[in-house]
Amino acid sequence: MHQGRMKLGKRMSHDEIAARPRLMRGHLPKLDHSSMTKPPKYRVVNQLQHDADDERSRLIAGLRAAKASVEPKYFYDPLGCALYAAICQLDEYYLTRTEEAIFQRHRQAIADAVMAGRSRGAATGGTLIDLGAGDCHKAQSWLPYLKPQRYLAVDIAAPGIEAALDKFAADFPEVEMLGLATDFATTLSIPADLLAGPRTMFYPGSSIGNFAPDAAIRFLAEMRAIVGDSGGCLLIGVDAKKSKARLDAAYDDALGVTAAFNLNVLRHLNRVLGSSFDCVDWRHAGFYNADAGRVEMHLEAIRAVEVNLDGVSRHFAAGERIHSENSYKYHRAEFEALLGAAGFTETLCWTDNEEAYWVFCAR
Ligand code: AVJ
């Protein structure tokens, strides 16, 4: 297995700080005693560029296919990450808010369930593996409850992890902070030296919805394998099936933030591929497909366009679509069945008053 290149987190040393040119205000921040103790450390392992060529050809093949598609990971360039954060604040996008309410209301019970597998007396310890950690803020409220020895932020957005850990490490000096930049949608492989003690997988936000059910089982089984018999578990958030009206609104909001989030994929593609997509030629389509049990997002050509894809022109007819995301929704029993198929034998579930969202602890 490939082990990623190690990169030390960049923090200014005190010498560097002292050597900085004086700023306009004329003085440096005072170095008090606490800032003279060792600076917080973190380490980020980057597995991303290993198959860059392979990825590029898959991306182009997807766009050239008769039914064009692009993987949802292409949402998350820096602007896309910012737009997703904005989506999470929309009235229509209930997911993040509902999950957070469940977490807040049941924090201690969930923490007790997570820690129930740890050997008696071991109140602290183990590794909290945060899948799709983003800016790490969801984990922030869990660290004081789960008290891991190690926190491992896993995300596709490498610059985001660096920035987040840099901030985060100072708040939790007692926790070893690690990062792993990887595309876990393909396979989840975590270098063994990044793991210590019981392994708790934290996968919030209903991102499991991006996988089709059979792929979700495969991915859950990979998580189950990492938990192993370490005494850890999986803590996962899952969006529930609900009315089409509510789901349509959540993925096609009045402000047009989700539309911008979807269209931004085209800008990202232009940067990655040197393609010639023009956002004004495309519109956002986001809706619940009840038969398939999933929300679909597509980019739809407003008019006939020719797009230069790696030197070859691709024609898109007016109304033709590029499928950019599936977001599967589950009844409670449906998701419990997926967990069972992935090898989990015990599950606990928390929900909100409207049963709009599920939080499972599984082992
Ligand atoms: C981050 C995958 C959970 O599917 O709801 C938000 C992404 N797409 N609005 C979701 C998303 C459109 C989101 N996940």
Side-chain angles (χ1 to χ4, degrees), residues 69-100 102-103 130-139 153-157 160 183-186 188 201-213 215-216 219-220 235-244 246-266 268 282-290 292-300 321-330 335 338 352 356-360:
S69 67
V70 59
E71 288 170 60
K73 67 178 175 190
Y74 291 99
F75 288 131
Y76 301 101
D77 69 347
L79 178 56
C81 291
L83 288 167
Y84 179 63
I87 287 174
C88 292
Q89 298 182 55
L90 295 171
D91 292 336
E92 296 98 324
Y93 196 77
Y94 58 86
L95 286 82
T96 319
R97 204 176 311 114
T98 307
E99 181 182 75
E100 189 48 36
I102 297 170
F103 283 166
D130 189 354
L131 293 172
D135 64 6
C136 302
H137 82 272
K138 287 186 189 176
V154 184
D155 204 281
I156 183 117
D183 176 13
F184 55 78
T186 333
L188 177 63
M201 314 288 307
F202 179 49
Y203 195 36
S206 192
S207 291
I208 191 72
N210 279 168
F211 295 86
F219 184 54
L220 290 167
L235 180 59
I236 186 169
V238 182
D239 196 20
K241 285 201 164 109
K242 56 183 61 66
S243 77
K244 177 166 169 62
R246 189 134 181 243
L247 286 164
D248 284 351
Y251 290 84
D252 193 5
D253 62 277
L255 266 181
V257 182
T258 308
F261 176 69
N262 198 8
L263 288 162
N264 177 58
V265 168
L266 300 175
H268 191 185
W282 299 82
R283 70 170 202 93
H284 163 66
F287 53 85
Y288 185 50
N289 174 345
R294 68 190 191 203
V295 167
E296 295 179 15
M297 299 225 301
H298 302 263
L299 290 150
E300 187 177 301
R321 286 171 168 179
I322 302 172
H323 192 168
S324 54
E325 184 173 49
N326 287 323
S327 191
Y328 281 84
K329 310 299 170 186
Y330 292 101
F335 199 78
L338 293 196
D352 55 290
Y357 197 92
W358 317 113
V359 169
F360 292 95

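Just so you know, ligand 1 is whichever comes first in the structure, and atom 1 is the first atom listed for that ligand.
Note on ring orientation: taking the six-membered ring where Trp is involved, the planes of Y84 and Y76 are perpendicular (angle over 60°, cut-offs 30° and 60°). Between F219 and F211, the angle of the ring planes stays under 30°, which puts this pair in the parallel group of the 30/60° scheme. Relative ring orientation between Y330 and Y328 is described as parallel, the plane-to-plane angle staying below 30° on a 0-90° scale split at 30° and 60°.
Here the two rings, on Y93 and F261, have centers that are 6.0 Å apart or farther.
Residue-level proximity to ligand 1 for F75 is absent, since no heavy atom of it falls below 4.0 angstrom. When heavy-atom distances to ligand 1 are checked against a 4.0 Å cut-off, Y328 has no atom that comes that close, whether in backbone or side chain.
For the pair Y251/E296, no side-chain contact is recorded, criterion being any heavy-atom separation below 4.5 Å from C-beta on. In this structure the side chain of W282 reaches within 4.5 angstrom of the side chain of I322, judged on heavy atoms. Side-chain atoms of I208 and L338, non-hydrogen and from C-beta on, never get closer than 4.5 Å to each other.
Less than 4.0 angstrom separates some heavy atom of N210 from each of these atoms of ligand 1: 2 (C). Residue contact check: S206 has heavy atoms under 4.0 Å from atoms 3 (C) of ligand 1. Below 4.0 Å from some heavy atom of S327 lie the following atoms of ligand 1, by number and element: 4 (O), 5 (O), 10 (C). Close approach of ligand 1 to M297 (heavy-atom distance below 4.0 Å) involves ligand atoms 8 (N), 12 (C). For ligand 1, the atoms closer than 4.0 angstrom to any heavy atom of Y93 are 3 (C), 5 (O), 6 (C), 9 (N), 10 (C), 13 (C). Of all the atoms in ligand 1, the ones that sit under 4.0 Å from a non-hydrogen atom of G205 are 3 (C).
The closest protein non-hydrogen atom to atom 7 (C) of ligand 1 is E325 OE2, 3.4 Å.
Comparing heavy-atom distances from atom 9 (N) of ligand 1 across Y84, Y76, Y251 singles out Y251 as nearest.
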